[in-house]
Number of protein chains: 2
Amino acid sequence: MRSAVPSTLLSRRDLDFLLHDWLRVSELVERPRYAEHSRETFDDALDLAERVATEQFAPHNRAADLAEPTFDGQRVRLIPEVRAALESFAETGLLTAGLDASVGGLQLPHAVAAACFTWIQAANVSTSAYPFLTLGNANLLLAHGSAEQVDTYVRPMLEGRFFGTMCLSEPHAGSSLADITTRAEPQPDGTYRLLGTKMWISGGDHELAENIVHLVLARIPGGPPGVKGISLFIVPKVLVEPDGSLGDRNDVVLVGLNHKMGFRGTTNTLLSFGDGGHAPGGRPGAVGHLVGPPHQGLAQMFHMMNEARIGVGAGATALGYTGYLKSLAYARERPQGRPVGAKDPAAPQVPIIDHPDVRRMLLAQKSYVEGALALVLYCARLLDEEKTAPADADRERAHLLLDVLTPITKSWPSQWCLTANDLAIQVLGGAGYTRDHDVEQHYRDNRLNPIHEGTHGIQALDLLGRKMTMHGGAGLTLLTSMIRETVARAGQAGGEVAALADRLAASVDRIIAVTRRLWADGDPVLALANASVYLEAVGHVVIAWMWLEQLLALPPEGAGDAFHAGKRQAARYFFTVELPRTGPQFDLLDSRDRTTLEMRADWF
Amino acid sequence: MRSAVPSTLLSRRDLDFLLHDWLRVSELVERPRYAEHSRETFDDALDLAERVATEQFAPHNRAADLAEPTFDGQRVRLIPEVRAALESFAETGLLTAGLDASVGGLQLPHAVAAACFTWIQAANVSTSAYPFLTLGNANLLLAHGSAEQVDTYVRPMLEGRFFGTMCLSEPHAGSSLADITTRAEPQPDGTYRLLGTKMWISGGDHELAENIVHLVLARIPGGPPGVKGISLFIVPKVLVEPDGSLGDRNDVVLVGLNHKMGFRGTTNTLLSFGDGGHAPGGRPGAVGHLVGPPHQGLAQMFHMMNEARIGVGAGATALGYTGYLKSLAYARERPQGRPVGAKDPAAPQVPIIDHPDVRRMLLAQKSYVEGALALVLYCARLLDEEKTAPADADRERAHLLLDVLTPITKSWPSQWCLTANDLAIQVLGGAGYTRDHDVEQHYRDNRLNPIHEGTHGIQALDLLGRKMTMHGGAGLTLLTSMIRETVARAGQAGGEVAALADRLAASVDRIIAVTRRLWADGDPVLALANASVYLEAVGHVVIAWMWLEQLLALPPEGAGDAFHAGKRQAARYFFTVELPRTGPQFDLLDSRDRTTLEMRADWF
């Protein structure tokens with residue numbers, strides 16, 4: 001079923017190594033939730049994801065970039081391949097791979113479902129955004145919606161008939177959700193009428209589905225100001241009758257499409273709620289249904305946001321990974337030049353992979369993308385643990401660790417797998433800069449990831465200002481104790497692994513010392529001034545941890561094959577070239593540097 | 001004449017500071033070559049460049065990106081604004097600003113001419129590429145062409161009637177020029193007939209000018225193999241009659257346009273020489289004229305390449321600079337959120353420049369782009385010194401220093417002003433990712449710069465393998481002694497400047513130690529394996545030097561204004577955040593790390 005030519009989307013060998021040799025996902029079948037599953041059903045799901053990704057998503061990746069969605073004032077038009085791919089995706093069951101059987105899901109472990117979805121993201125990140133958002137929306141409603149809301153909105157989404165969005169930002173309120181002004185007026189019938197404008201809404205309009213279920217943050221008049229007065233509403237594009245049939249068009253109007261550098265196949269919209277003049281029933285506003293109790297909107301939305309943040313990291317990883325594999329394939333085939341010191345100009349040219357600088361660029365990419373994939377799957381495995389670990393304490397621990405890792409899993413791949421794409425372009429040289437090759441598109445697509453679902457700076461504030469300090473520093477304690485546990489195992493393994501573990505242990509000490517020092521005098525402005533530097537340094541340490549974990553899952557040195565040798569070398573690269581970058585970063589943090597704080601706006 | 005609103009292309013204040021307070025270009029008017037000039041003529045030229053850049057080049061920057069050149073099989077079509085801008089550029093004399101009066105030039109110092117051109121690059125780098133290539137071509141022919149060739153080809157180029165190209169690469173030979181196969185057959189009349197295919201030729205076809213003068217590298221049959229058998233030819237698109245009138249079309253055929261991620265306004269072409277079936281006179285091949293003696297083509301082309309490499313660095317700097325200024329303007333105006341710790345959600349939002357993380361991103365950009373601009377103008381000033389210093393020894397010294405700095409001036413801005421563009425996007429957030437703002441285009445345009453005119457890796461080999469070792473290490477000795485001279489002056493200045501100088505002195509010691517160590521046992525493969533790391537580390541030290549130089553040109557602390565305070569803070573930032581990055585890089589080089597060398601191709 002699978003091709004003999006290695007895929008340039010992802011490495012199945014690597015996925016199998018991470019899922020089985022390292023994360024031991026097959027052991028999950030001993031838990032009741034996954035009792036119907038086996039290694040075989042996992043393999044089948046991954047085979048299927050690879051096939052759908054390769055056959056349905058990859059072929060129109062460039063076409064969707066070249067022919068971005070257009071809006072003629074009436075309809076949004078996309079190339080037809082998008083709908084065809086999404087129908088396949090839903091039909092094969094991949095859309096609901098990780099969901100409960102009670103809602104029609106395959107109930108696969110999250111680690112397996114995440115690996116499946118990564119194939120889709122690697123093949124075509126723009127088209128993957130539609131089910132990505134729809135699933136996030138469905139999961140939120142499964143957690144917080146009423147049974148009726150689940151029946152009316154979630155089931156059609158999981159059947160692929162409705163799509164979903166998340167509507168947070170407004171033109172004047174992007175990162176600052178405290179400032180949203182969209183209003184939700186309660187109606188006698190228990191519904192609400194929404195009035196306001198939402199910006200940057202991905203998947204906000206299209207004709208890919210019968211309906212679009214918007215999840216909208218808005219204020220109920222009289223509620224508290226700031227984030228404490230935000231509630232969450234379901235606002236369907238088309239009203240749904242009690243029997244599930246579609247009724248009138250709701251007053252949700254597409255004001256315009258945003259035109260982006262990349263991710264062009266995903267519509268990104270400015271939407272107006274309740275200002276389109278076709279309000280149902282003559283009352284102004286778009287009909288909305290409150291989700292859960294009032295004023296809980298932000299907390300509810302973070303259910304979706306946290307999932308989305310890890311998903312953004314997964315998408316960034318997928319783009320980095322496919323760019324790496326494509327530049328690797330090019331480097332193996334492209335002859336150019338001769339080795340340093342070769343004097344005979346008549347000798348045949350060598351493939352560029354033989355040049356050390358090209359190998360450096362490939363090895364750097366490998367260390368980034370495989371390190372990032374390990375982190376993404378580790379988080380997915382934590383989700384399984386959070387949901388199904390037999391002991392309460394294990395579930396709580398998984399929840400807390402996932403909380404701490406979320407900003408890192410969102411931001412590290414967004415930064416370093418973008419760097420991988422930059423290196424992929426560089427390996428291809430001039431060819432990489434043209435639209436004849438995919439790598440320039442991956443680079444453009446990936447540039448969105450440090451921005452959406454909370455910018456890099458927002459993740460940094462979340463990590464240093466919240467995750468590392470909450471519950472009296474429990475997050476910091478848990479993360480560092482988990483890393484130290486790996487270090488201890490590596491120490492017992494001895495040899496090179498133990499030597500690398502020593503370096504990681506030293507980095508963990510620095511995280512602890514720097515975190516304490518930053519918060520020592522309770523000056524949050526100074527502590528947070530270099531939060532991004534902190535995020536980047538901690539992120540590098542976490543990825544070094546992921547590499548040490550992978551090393552411990554390898555067969556003993558000498559017993560493995562070329563794949564294992566490559567893992568060892570990439571780990572060495574990360575520890576030798578990458579981890580030392582954190583030295584000056586920790587030094588800067590430790591000095592409680594005030595350089596940016598003291599820069600005055602009028603000095604620029 | 002100049003607007004009261006600060007330009008978002010470049011900072012005239014910074015240019016004046018660099019050119020006058022630091023580089024003291026007005027003193028050049030004491031030299032015979034510049035005797036006709038004065039501070040006033042310099043100011044007029046800069047005013048003019050700003051005006052032409054603002055009025056003629058900037059307005060169609062986005063339009064040229066959106067409507068890239070098309071080829072219908074007969075003609076290449078560009079938007080008409082390109083021709084209009086280039087006509088203005090030639091008419092105003094800016095095209096020949098730095099050239100000899102004997103060929104119609106304004107004979108301005110190179111430092112001033114370079115500053116003028118940087119305005120044009122900041123406004124529209126794609127349109128600027130046409131005169132950029134034409135000037136490089138003309139300068140090469142002024143140095144190596146015959147008087148007749150100058151009259152026939154150079155004068156029309158300097159009048160703006162002909163444009164020029166450089167044709168080096170072939171489809172199978174990009175970085176490896178030893179492998180070019182284009183053939184030049186000698187003819188009884190002293191001309192040659194060229195047969196071959198050239199790839200990546202910027203400006204290779206268009207209808208912007210009456211003619212295109214291609215400078216083509218080719219082999220005369222019977223010559224030595226490799227780079228020693230390459231000769232240089234003038235191959236005009238349209239043959240030029242002895243009286244200067246245009247004759248038949250030469251056999252230079254556009255095979256196709258390359259479609260790029262950025263730099264879209266510049267045509268980039270695949271050209272066929274002598275394969276189009278319309279060979280003049282019935283003999284196959286495109287008519288070419290040998291430049292200088294045979295087999296000297298590569299050395300002659302390097303005349304143009306070295307100039308082009310510094311020009312690439314200038315273009316990268318210009319893109320970084322304008323991105324910085326645009327993100328700065330946005331950050332001053334865009335309200336979003338409140339300061340850390342502000343509790344009142346009803347308080348008005350603050351401009352994002354008030355957030356430390358945004359200030360960090362602006363300060364980083366400032367330190368990169370102003371550091372890069374200093375280096376670019378320093379190199380241009382060295383060119384003046386090379387050409388006009390009264391003492392032979394000073395001219396030779398300038399020549400050698402320029403030689404050493406060329407790979408750094410090409411590569412450092414290409415890497416770090418691209419990073420600046422990345423930060424500019426991040427400052428704008430989602431808005432920065434859309435085509436409604438310029439920053440995403442600057443990022444795409446700038447991504448070409450680490451590739452063309454010799455990739456990053458090629459510059460690294462040039463610096464470590466050639467420039468630092470040639471003449472028994474004279475380049476290394478000169479560069480480090482120049483930096484130490486600045487350090488000594490800073491030491492005398494005392495205070496903070498002296499403290500920063502100590503850090504720079506330590507970095508210089510590391511450059512010397514690492515260079516010696518890499519070459520200690522004469523293993524070039526190992527020495528050059530991490531050449532890119534070396535290039536990046538030395539580049540950062542050189543930019544720190546440029547910042548120390550700027551500090552020494554400031555008025556005493558307390559005596560200056562906000563501009564001077566900003567310079568000081570950007571220098572502090574560079575020394576505090578950036579220079580320490582080199583520590584792990586030097587450590588890696590010092591350990592003669594073999595990680596990439598030992599990675600086997602089959603392990604990927």
Side-chain angles (χ1 to χ4, degrees), chain A residues 174-176 178-179 200 225-226 258-261 328 336-337 340-341 345-346 349 353 356-357 359-360 362-363 366 426 429-430 433-435 440 448 450-451 455-457 524-525 528-529 531-532 562 565-566 569 572-573 576-577 580-581 583-584 587-588 593 595-597 599 601-604, chain B residues 174-176 178-179 200 225-226 258-261 328 336-337 340-341 345-346 349 353 356-357 359-360 362-363 366 426 429-430 433-435 440 448 450-451 455-457 524-525 528-529 531-532 562 565-566 569 572-573 576-577 580-581 583-584 587-588 593 595-597 599 601-604:
Chain A
S175 294
S176 179
D179 292 289
W200 308 123
N258 293 308
H259 298 286
K260 306 186 295 296
M261 173 165 67
L328 175 61
Q336 192 72 183
V340 164
Q349 300 201 69
I353 197 170
D357 196 56
R359 225 141 61 207
R360 177 187 68 82
L362 293 170
L363 190 53
K366 181 178 169 75
Q426 197 67 21
Y433 193 66
T434 69
R435 305 202 293 277
E440 69 85 25
L448 178 60
I451 298 172
T455 63
H456 195 73
V525 175
L528 296 173
S532 289
Q569 201 66 7
R572 280 182 200 119
Y573 181 89
T576 308
V577 180
R581 287 186 201 267
D587 293 345
L588 184 83
D593 180 63
T595 309
T596 56
L597 269 188
M599 179 70 187
D602 64 322
W603 289 355
F604 281 107
Chain B
S175 294
S176 179
D179 292 289
W200 307 124
N258 293 309
H259 299 286
K260 306 185 295 301
M261 173 164 67
L328 175 61
Q336 193 72 185
V340 164
Q349 300 201 68
I353 199 170
D357 195 55
R359 223 141 61 206
R360 178 187 66 84
L362 293 169
L363 190 53
K366 182 178 168 75
Q426 197 67 21
Y433 193 66
T434 69
R435 304 202 294 276
E440 69 84 25
L448 178 60
I451 297 172
T455 63
H456 195 71
V525 175
L528 296 172
S532 288
Q569 201 67 5
R572 278 180 202 123
Y573 181 89
T576 308
V577 180
R581 287 185 201 266
D587 293 345
L588 184 82
D593 179 63
T595 309
T596 56
L597 269 188
M599 179 71 184
D602 64 321
W603 291 354
F604 281 108

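Just so we're on the same page: letters track the sequence lines, and every chain starts at 1.
Contact tally against chain A (heavy-atom pairs below 4.5 Å) for B:A531, B:S532, B:A178: the top residue is B:S532. Annotation: maximal heavy-atom pairing with chain B below 4.5 Å, among A:T595, A:V525, A:L528, A:D587, occurs at A:T595. Most heavy-atom pairs under 4.5 Å with chain A: of the set B:A601, B:G457, B:G341, this distinction falls to B:A601. Interface check for chain A: of the options B:W200, B:Y573, B:W603, the most heavy-atom pairs under 4.5 Å are formed by B:W603. Among B:G337, B:G226, B:A565, the residue with the largest count of heavy-atom pairs under 4.5 Å with chain A is B:A565.
In this structure a side-chain-to-backbone donor-acceptor pair under 3.5 Å is missing from A:E440 to B:K260. Put simply, the side chain of A:R360 never gets that close to the backbone of B:A529: no donor and acceptor are under 3.5 Å apart.
In this structure, chain A has heavy atoms under 4.5 Å from both the backbone and the side chain of B:L597. Residue contact with chain A, scored on non-hydrogen atoms closer than 4.5 Å, is absent for B:A346. At a 4.5 Å heavy-atom cutoff, the contact between B:L363 and chain A is made by backbone and side-chain atoms alike. Interface residue B:D593: only side-chain heavy atoms are found under 4.5 Å from chain A. Both the backbone and the side chain of B:L448 come within contact range of chain A, with heavy atoms under 4.5 Å apart.
In the model, B:T434 has no side-chain atom that pairs as donor or acceptor with a side-chain atom of A:N258 under 3.5 Å.
Taking every heavy atom of both residues into account, A:V340 and B:P524 meet most closely at CG1-CB, 3.9 Å.
Not counting sequence neighbours, the partners of B:Q569 by the side chain to side chain donor-acceptor pair (under 3.5 Å) test are B:R572.
In this structure, A:R359 CZ and B:F604 CZ are separated by 7.0 Å, a value rounded to the nearest 0.5 Å. In this structure, B:Y433 OH and A:H259 NE2 are separated by 14.0 Å, a value rounded to the nearest 0.5 Å. For the atom pair CG (A:D357) and OG1 (B:T455), the distance works out to 7.5 Å, reported to the nearest 0.5 Å. In this structure, the separation between CD1 on A:I451 and CD on B:Q426 is 5.0 Å, given to the nearest 0.5 Å. With rounding to the nearest 0.5 Å, the separation of CD in B:Q336 from OG in A:S175 is 6.0 Å.
With a 4.5 Å cut-off on side-chain heavy atoms, A:R581 and B:P584 do not count as touching. Counting heavy atoms from C-beta outward, A:L588 and B:T576 have side chains that approach closer than 4.5 Å.
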